[in-house]
Amino acid sequence: MEFVDNRTIKTNVDTVRVKTMRLIHLQLRDILAEALQTAMEAGALPYVAPEALPEIIVERPKRPEHGDFASPMALPLARPMRRAPRQIAEIIVAHLPANELIATVELAGPGYINMRLNPAWLTQQVNRILEEGETFANLDMGVGKNVQVEFVSANPTGPLTVGHGRGAVLGDTLANILQAVGWNVTREYYYNDAGRQMRVLGDSVRLRLLQLLGQDIEFPDDYYQGEYIIDIARDILDEYGPEAAEKDWQFFKEIAQDVIFADIRNTLERLNIHHDVYTNEATFYETGVIWDVLERLREKGYVYDKDGAVWFKATEFGADKDRVLVRSTGEPTYRLPDIAYHVNKLERGFDLIVDVLGSDHIAEMPDVINAVYALGYTDAPQRIQPIFHQFVTLVRGGQAVKMSTRRANFVTLDELIDEVGADAVRYFMISRSPNAQMEFDLELATQQSDENPVYYIQYAHARTAGILERQAAERGITFDPDADVSLLTHPSESTLIREMLRLSDVLAHCAAELAPHHLTFYARELASAFNQFYRDCPVLTAEDEALVKARMKLVKAAQIALARTLHLLGMTAPKEM
RNA sequence: GCGCCCGUAGCUCAGAGGAGAGAGCAACGGACUUCGAAUCCGUAGGUCGGGGGUUCGAAUCCCUCCGGGCGCGCCA
């Protein structure tokens, strides 16, 4: 049996292999591969067996003078070919097949092959963007495949916190991206409305109600301390009167749960987040699946009894200690239903299962994955991809605010949205790598609203509308879909086109790494490219009419690209601000 | 003590084994009689936490140490 190491839990390259020809660097890679092959067959370069050939890398150089794309492929070929890398590069270039993409090639440094895109091809891409509209930059990476993204999954014990917000935005944006690159996406919310937690919730409301009735009752420390519990108690008192005091905890639990769940859904709605499927942990008890799972694990020898409890042999998979699956009271721990739920996910035929979790769950996922692996789902380590995000540290007035559902002193996601707006919450929550801890300074976020990248990006979009709609109408200029885009030769124009085309790359990268934060950086860079174009190239006041019409098409394309990016981020694309 | 994550410009953070190390903010200096200045241009700012190793090539991979976070329960 193999040990499932946390570090190996990353996106399986085979699951998410890029198949589309839209990605320019892949087309260039094929062209270079062909050139290398031709050169070897012609005897211009020594023959190297395919399995000994290093992977051909094509990348975007950091410095513009190194071209649009570059490949260091000649460098690692030096050893097997026993030739100088620069000489190898020269010969590869000499054998490049005819193609419409590459305009010029330069050799530089120790043997880099620097390529520049054909300007005629580049300008034509503007037409393509206009044709594709809202589907612009989509890929076919996940075609015919199903992915489940499970996120938020907060139990209905209290309002969503800022910490939940990060998971919510991360999961939803990831789902948007996976959808754009071709996966069939199911957004799922997993929750538990039974068990000790909920008993405590119901009783917390009951005690608060008794207090409201003037009874002198001590409120336990481990009960839910939040103000919202008192609100719910007060509402119940208003509706049912003092007789409610006679009801048991279950009565209060039912009401509290409904109120809280409605509140959670409302918060998610404000962030434009909707789940397709809600799965209740109770299902796995009712259908008896958890006991089937336990039985199957026992048959396979991964479960044993000790001290009246049932244990999972986690140590066989490298864990430091075994884990209890069923308490001596006969009540399962959360691990058993979690395992059953993941069996359920696997059985539902998802090719990829993404669990968006807080970093406090880091220790439990290996148990779940090892258990389903033990049950015979040997591809589980590849199919199940947990994403752990570090918690958001909230800072107010230079002081950290400790967030806990049970304490009164926490800031809800709703309050954060009230302060900075839904678009800003969405943008900031995924503007850093999930692995990185995040400091969210409330005062700064509200103070700096003018310097906010959210406004910068949305402003660029609003500007496109300003030109195409308001200003064009004022000047009586109409949009011409047949305008000649080959006139778009200004450096700022081609930079803008190249930047728009990069969206597909960014999406592919985000999907492959399951890391949506790159999209926020891209959004800013795209907006910046548009603003630079705007500075350099007058659109409606350009020197001749053909150029006016061509630039209008470019602006329209930019509008599409900006709107697409904003929508993928779950943000609005306003036409005026 | 053990496991995972993080350590990169003053601050917040990107960085996909490949070329002088990147952005935003803050700082400093410029650009509006001109399609929206919520914009643009320029300057300065770095032993990529330290030390070893692998590699033609390391911020990136491995080892080790230091510092911070999160876990390590018959809680979820």
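So that the names make sense, note that chain A is the first sequence line, chain B the second, and so on, each numbered from 1. Computed over heavy atoms, backbone and side chain alike; hydrogens, waters and symmetry mates excluded. Treat the numbers as computed from the prediction; the structure is a model and nothing was measured.
Proximity of A:Tyr456 to the phosphate of B:C40: a side-chain N or O atom is located under 4.0 Å from OP1 or OP2. Remark: A:Gln390 is not in phosphate contact with B:C4, judged by side-chain N or O atoms under 4.0 Å from OP1 or OP2. Contact annotation: A:Arg463 side-chain N/O to B:G36 OP1/OP2 distance is not under 4.0 Å. Within the structure, a side-chain polar atom (N or O) of A:Asn531 is placed less than 4.0 Å from OP1 or OP2 of B:C40. Listed pair A:Arg196 / B:A76 fails the phosphate criterion, with no side-chain N or O lying under 4.0 Å from OP1 or OP2. At the phosphate of B:A37, OP1 or OP2 sits under 4.0 Å from a side-chain N or O atom of A:Tyr534.
A:Ala309 comes within 4.0 angstrom of a nucleotide base, judged by non-hydrogen atoms across all strands. Residue contacts for A:Glu474: at a heavy-atom cut-off of 4.0 Å it reaches no nucleic acid atom on any strand shown. Among the atoms of the strands shown, base atoms are found under 4.0 Å from some heavy atom of A:Asp307. Residue contacts shown for A:Ser433 are limited to sugar-phosphate atoms, with no base heavy atom under 4.0 Å away. Using a 4.0 Å heavy-atom distance criterion, A:Gln471 is classed as a sugar-phosphate-only contact. Note on A:Cys510: nothing from the nucleic acid sits closer than 4.0 angstrom, heavy atoms only. Using a 4.0 Å heavy-atom cutoff across all strands shown, A:Pro453 reaches no nucleic acid atom at all. Residue-level contact check: A:Arg470 touches the bases, meaning some heavy atom is under 4.0 Å from a base atom. Within 4.0 Å of A:Ser359, counting heavy atoms only, lie sugar-phosphate atoms of the nucleic acid but no base atom.
Side-chain proximity of A:Val324 to the nucleotides B:C74, B:G36, B:C25 is greatest for B:C74. Residue A:Met577 has its side chain nearest to B:A38 when only B:C56, B:C4, B:A38 are considered.
Across B:C25 and B:G17, the matching C1' atoms stand 31 Å from one another, rounded to whole Å. Taking the P atom of each, B:C28 and B:G71 are spaced 42 Å apart, rounded to whole Å. Between B:G46 and B:U8, the distance separating the two P atoms is 14 Å to the nearest Å. With both ends at atom P, the span from B:C65 to B:C4 equals 14 Å, rounded to whole Å. Rounded to a whole angstrom, the distance from the P atom of B:C6 to that of B:C62 is 11 Å. Nucleotides B:A59 and B:C48 place their P atoms 8 Å apart, quoted to the nearest Å. Annotation: B:G3 and B:G42 have their C1' atoms spaced 49 Å apart (nearest Å). Separating the C1' atom of B:U43 from that of B:C32 is a span of 22 Å, rounded to the nearest Å.
A donor-acceptor pair is defined here as one N or O able to donate and one able to accept, closer than 3.5 Å; no such pair exists between the side chain of A:Thr173 and the backbone of A:Pro516.
Remark: the A:Ser328 side chain and the B:C74 base include a donor-acceptor N/O pair separated by less than 3.5 Å.
With a glycosidic angle no further than 90° from 0, B:G20 counts as syn. B:C32 adopts a syn glycosidic conformation, its chi angle falling within 90° of 0.
Residues A:Lys306 and A:Ala472 both approach RNA chain B. Their nearest nucleotides, taken by heavy-atom distance, put A:Ala472 toward the 5′ side. Sequence order on RNA chain B of the closest nucleotides to A:Glu525 and A:Tyr334 puts A:Glu525 first from the 5' end.
With rounding to whole Å, A:His389 atom NE2 is found 18 Å from B:G69 atom P. In this structure, A:Asp322 atom CG and B:C72 atom C1' are separated by 14 Å, rounded to whole Å. Taking atom CG on A:Asp222 and atom C1' on B:C75, their separation rounds to 11 Å, with Å as the unit. B:C6 atom C1' lies 13 Å from atom NE2 of A:His517, rounded to whole Å. One atom, CE of A:Met438, and another, C1' of B:C70, lie 16 Å apart when rounded to the nearest Å. When rounded to the nearest whole Å, the span between CD1 of A:Ile430 and C1' of B:A14 equals 14 Å. Taking atom CG of A:Asn435 as the reference point, atom P of B:G7 lies 9 Å away to the nearest angstrom. What separates CZ of A:Arg335 from P of B:C74 is a distance of 8 Å, to the nearest Å.
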5' to 3', nucleotides 16-22 of chain B under a 4.0 Å protein heavy-atom cut-off (B base, S sugar-phosphate only, - none) gives B-BBB-S
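Using a cut-off of 4.0 Å between Lys/Arg side-chain N and Asp/Glu carboxylate O, A:Arg60 and A:Asp505 are scored as salt-bridged.
A heavy-atom distance below 4.5 Å is found between the side chains of A:Val162 and A:Met429. Side-chain contact between A:Phe312 and A:Leu336: absent, with no pair of heavy atoms (C-beta onward) separated by less than 4.5 Å.
Remark: A:Arg463 fails to qualify as a cation-pi partner of A:Phe530 under the 6.0 Å distance and 45° angle criteria applied to the six-membered ring. Cation-pi contact between A:Arg502 and A:Tyr522: absent, since separation from the ring centre below 6.0 Å together with deviation from the ring axis within 45° is not met.
Side-chain contact check for A:Thr464 and A:His461: no donor-acceptor pair (N or O, by modelled atom type) lies under 3.5 Å. A donor atom on one side chain and an acceptor atom on the other are not found under 3.5 Å apart for A:His361 and A:Asp355. In summary, the side chains of A:Ser528 and A:Gln532 do present a donor paired with an acceptor at a separation below 3.5 Å, with no hydrogens or angles considered. A donor-acceptor pair shorter than 3.5 Å cannot be found between the side chains of A:Tyr334 and A:Asn192.
Ring geometry, A:Phe284 versus A:Tyr341: the interplanar angle falls from 30° to 60°, so the pair is classed tilted.
More than 12 heavy atoms of other shown residues, nucleotides or ligands fall within 6.0 angstrom of atom CD in A:Glu469.
Ring centroid separation for the pair A:Phe261 and A:Tyr189 comes in under the 6.0 Å cut-off.
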Canonical and wobble pairing (Watson-Crick, G-U, under 3.5 Å) of RNA chain B, dot-bracket with |:
(((((((..((((....[...)))).(((((.......))))).....(((((..]....))))))))))))....
